[in-house]
Protein chains: 2
Amino acid sequence: MATIKDVAKAARVSIATVSRVINNTDKVGEVNRSRVINAMNQLNYTPNANARALVKQKSSTIGVVVPDITDPFFASLANGVEEVARASKMQLLLSTGKQSEASELEAINLLIERRCEAIVAYSKLIPDDKLCLLSKKFPSLILIDRYIADIADRCIWLDNIEGGRIAARHLLSLNHQKLAVINSNYKIDDPLLRLTGFKQVVEKQNLTLPKNLVVSYEPTLKGGELAAQDLLEQKLSFTAVFAYNDAMAIGAISVFEDNGYKVPSDISIIGFDDVLLSQYSRPKLTTLHYPINKMATNAAKLAITYNAENIQQGFDFKNTPHLIKRDSTALKR
Amino acid sequence: MATIKDVAKAARVSIATVSRVINNTDKVGEVNRSRVINAMNQLNYTPNANARALVKQKSSTIGVVVPDITDPFFASLANGVEEVARASKMQLLLSTGKQSEASELEAINLLIERRCEAIVAYSKLIPDDKLCLLSKKFPSLILIDRYIADIADRCIWLDNIEGGRIAARHLLSLNHQKLAVINSNYKIDDPLLRLTGFKQVVEKQNLTLPKNLVVSYEPTLKGGELAAQDLLEQKLSFTAVFAYNDAMAIGAISVFEDNGYKVPSDISIIGFDDVLLSQYSRPKLTTLHYPINKMATNAAKLAITYNAENIQQGFDFKNTPHLIKRDSTALKR
DNA sequence: TTGAAAGCGCTAACAT
DNA sequence: ATGTTAGCGCTTTCAA
């Protein structure tokens with residue numbers, strides 16, 4: 001590809017002059033300017049962003065690490081970061097850290113090598129201490145969906161406990177007393193936290209949540225189906241279910257209906273996340289909205305802020321889900 | 001951040017030696033090697049990928065342009081490219097080209113400035129001639145989901161006409177004779193091509209597709225709902241529907257059912273794309289599988305191949321959708 | 001308004 | 001085995 005030198009030669013000016021017209025940074029005489037422009041066109045010149053990044057010491061790049069862009073939840077996350085990148089005239093470098101600490105670490109590291117000016121990372125497998133070290137080393141690394149006390153000012157997270165509480169309150173307000181929970185069996189905090197909040201509210205009402213009616217499977221459609229089957233085999237009656245996420249809820253609904261239970265008239269069910277799916281399901285899913293897109297834009301802005309060493313106040317580090325009432329929950333008959 | 005010079009100074013060796021241990025390219029004495037490694041750790045050294053890209057004349061970057069990463073279809077596309085990047089030890093630069101020629105053009109251009117070694121672009125708004133020019137200028141630019149005769153060797157596309165035919169054949173094989181079509185009103189080729197194929201088969205059977213029963217709306221859930229309402233108001237009977245995509249199909253199903261028609265017993269409906277949604281819907285959607293992930297990996301590999309000026313044979317430029325029979329179509333009663 | 005030159009961080013000859 | 005040095009393509013002083 002043509003370089004700035006080629007253009008300078010063709011236009012019979014110095015490379016400094018070419019640089020000036022490219023960046024519009026200094027006065028350049030009319031004659032020279034148009035000669036440069038002509039030369040650039042003729043040579044199909046495109047500036048080399050890597051060279052520019054090197055000398056200017058800024059990459060105009062914002063990095064994001066997610067496990068799987070195919071998951072709508074992570075797509076929203078990436079999208080949020082992208083919106084900020086776009087608004088800041090930066091570009092998005094996407095790195096996937098799949099199901100292992102090493103992989104997550106590598107993903108972040110690649111982004112640092114690229115000298116991203118900001119990094120938003122969804123990491124569940126790197127232990128707290130390593131993340132602390134990393135964030136010391138690289139101040140504009142923001143963790144999303146994770147809370148580490150030592151670096152709380154670099155964490156944008158969701159209050160999962162409160163989410164569980166909200167779900168419980170909703171079901172209780174519909175007069176349900178016999179409750180069940182379909183949880184995720186992933187080894188991360190979220191399932192436990194949501195269950196904790198749910199239990200808190202339930203037990204405050206002097207109701208109990210039988211162990212048999214708390215089942216854990218993979219947080220997928222299939223997992224939801226298995227969970228529902230499990231629940232139905234317990235021979236313990238329940239009229240409402242709190243599912244770990246929308247996919248599980250939808251899987252469960254299909255099994256319930258296949259077994260002759262109507263949702264919501266026989267069984268109410270509430271999901272979590274409010275991904276696109278929940279609007280497409282039949283019945284439309286009542287769920288907790290996880291403001292991941294907003295959290296991601298916040299995280300990106302925060303990361304940029306730290307990069308500028310220009311710490312600002314007013315970021316929503318802690319976020320709270322809110323109830324979206326649709327058609328999968330109803331008053332107990 | 002620490003540079004290679006800092007490391008060299010701390011380790012009391014030359015930068016060449018440091019470079020050698022970083023890249024494991026030459027023999028380095030045991031003593032020096034460990035001194036360098038220590039220095040790197042102490043200084044938290046991370047090599048600067050931009051500098052490396054500059055001198056090595058390769059960025060190890062593969063670019064992808066999509067309109068919206070939030071759309072599961074484009075997420076799959078990006079995912080396919082990411083898989084190839086990962087396998088090739090490259091990284092993914094994501095650029096969004098939203099709903100305008102200028103925006104698509106800018107997205108591609110930013111990727112070229114970054115000196116991506118390969119670019120996979122989903123572009124519907126840039127006219128053929130400009131795209132031809134661009135692909136001359138930048139040989140490792142591959143177009144996905146688009147066919148331009150002049151640069152056919154840089155296009156990975158889906159045979160939409162055949163898709164329409166397959167849908168029609170399927171419905172016909174189920175003895176449906178009164179057919180309707182829910183199409184997209186976007187100003188791109190795809191809707192027309194799918195309809196063309198569909199019609200070909202229908203008319204070959206001496207059946208007709210009444211104009212009133214071909215309706216066009218936005219290719220979304222909402223659009224599908226509107227389309228279904230429109231269809232129901234036509235007072236023309238039909239027993240099977242070909243929808244432009246899964247989202248429209250699912251939207252339509254909900255309206256049909258709300259109006260007392262059962263799917264598939266009263267109305268059969270077939271979608272297009274086979275996105276995740278189609279497995280989650282009730283009934284599960286019969287649809288045409290659009291092998292976008294595979295097409296994307298192919299496009300990425302092809303792009304890399306062109307970059308290496310090492311043109312290989314055997315790429316699937318033209319792709320054909322195939323039928324996924326699920327539960328939304330049934331024999332006409 | 002213009003050009004010469006230094007240098008961003010790194011790799012890769014070429015010496016030694 | 002190790003060091004010296006010349007760039008990669010660009011921006012930015014500093015002079016003219």
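Throughout, protein chains are lettered first and strands after them, A, B, ... in sequence-line order, and every chain is numbered starting at 1. For clarity, every value in this text was computed on a predicted model and none was experimentally measured.
- Atom CG of B:Leu54 and atom C1' of C:dA12 are 14 Å apart (whole Å).
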Distances for protein N or O near nucleotides 11-15 of chain D N or O, under 3.5 Å:
| unit_1 | atom_1 | unit_2 | atom_2 | d |
| --- | --- | --- | --- | --- |
| D:dT11 | OP1 | A:Asn23 | OD1 | 3.2 |
| D:dT11 | OP1 | A:Asn23 | ND2 | 3.0 |
| D:dT11 | OP1 | A:Arg52 | NE | 2.9 |
| D:dT11 | OP1 | A:Arg52 | NH2 | 3.3 |
| D:dT11 | OP2 | A:Ser19 | OG | 2.9 |
| D:dT11 | OP2 | A:Asn23 | ND2 | 3.4 |

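- Look at CZ on B:Arg12: it is 16 Å from P on D:dT2, rounded to the nearest Å.
- For B:Arg86 and A:Thr96, the side-chain atoms include at least one donor-acceptor pair closer than 3.5 Å.
- Regarding contacts with the backbone of C:dG9, a side-chain N or O of A:Gln57 is found under 4.0 angstrom from either OP1 or OP2.
- Contact check, B:Asn32 against D:dT2: a side-chain N or O comes under 4.0 Å of OP1 or OP2.
- B:Thr17 has a side-chain polar atom (N or O) that falls below the 4.0 Å cut-off from OP1 or OP2 of D:dG3.
- Between the side chains of B:Ser60 and B:Arg52, no donor-acceptor pair is found at a separation under 3.5 Å.
- For the OP1/OP2 pair of C:dA4 and a distance below 4.0 Å, the side-chain nitrogens and oxygens of A:Ser14 include no atom meeting the criterion.
- Closest approach of B:Arg114 to B:Ser59, counting heavy atoms only: O-CB, 3.8 Å.
- Taking every side-chain heavy atom of B:Thr3 into account, C:dC10 is the closest of D:dG3, C:dC10, C:dT2.
- In this structure, CZ on B:Arg154 lies 11.5 Å from CD1 on B:Ile148, to the nearest 0.5 angstrom.
- Distance A:Asn48 CG to D:dC8 P: 12 Å, rounded to the nearest Å.
- The nearest whole Å value for the distance from the NZ atom in A:Lys27 to the C1' atom in C:dG3 is 19 Å.
- For the pair B:Arg115 CZ and D:dG9 C1', the interatomic distance rounds to 9 Å; values are reported in whole Å.
- No side-chain heavy atom of B:Val65 sits under 4.5 Å from any side-chain heavy atom of B:Leu110.
- No salt bridge links B:Asp189 with B:Arg146; every basic N to acidic carboxylate O contact stays at or beyond 4.0 Å.
- In this structure, B:Lys5 reaches the C:dC8 phosphate: one of its side-chain N or O atoms is under 4.0 Å from OP1 or OP2.
- In this structure, B:Lys58 does not reach the D:dC8 phosphate: none of its side-chain N or O atoms is under 4.0 Å from OP1 or OP2.
- B:Lys124 contributes a side-chain N or O that, together with a main-chain N or O of B:Asp145, makes up a donor-acceptor pair within less than 3.5 Å.
- Nearest nucleotide to the B:Ala51 side chain, out of D:dG3, D:dC10, C:dC10: C:dC10.
- What separates CZ of B:Arg35 from C1' of D:dA1 is a distance of 13 Å, to the nearest Å.
- Atom C1' of nucleotide C:dG9 and atom CG of B:Leu43 are separated by 15 Å, given to the nearest angstrom.
- Residue A:Arg33 contributes atom CZ, which lies 10 Å from atom P of C:dT1 at whole-angstrom precision.
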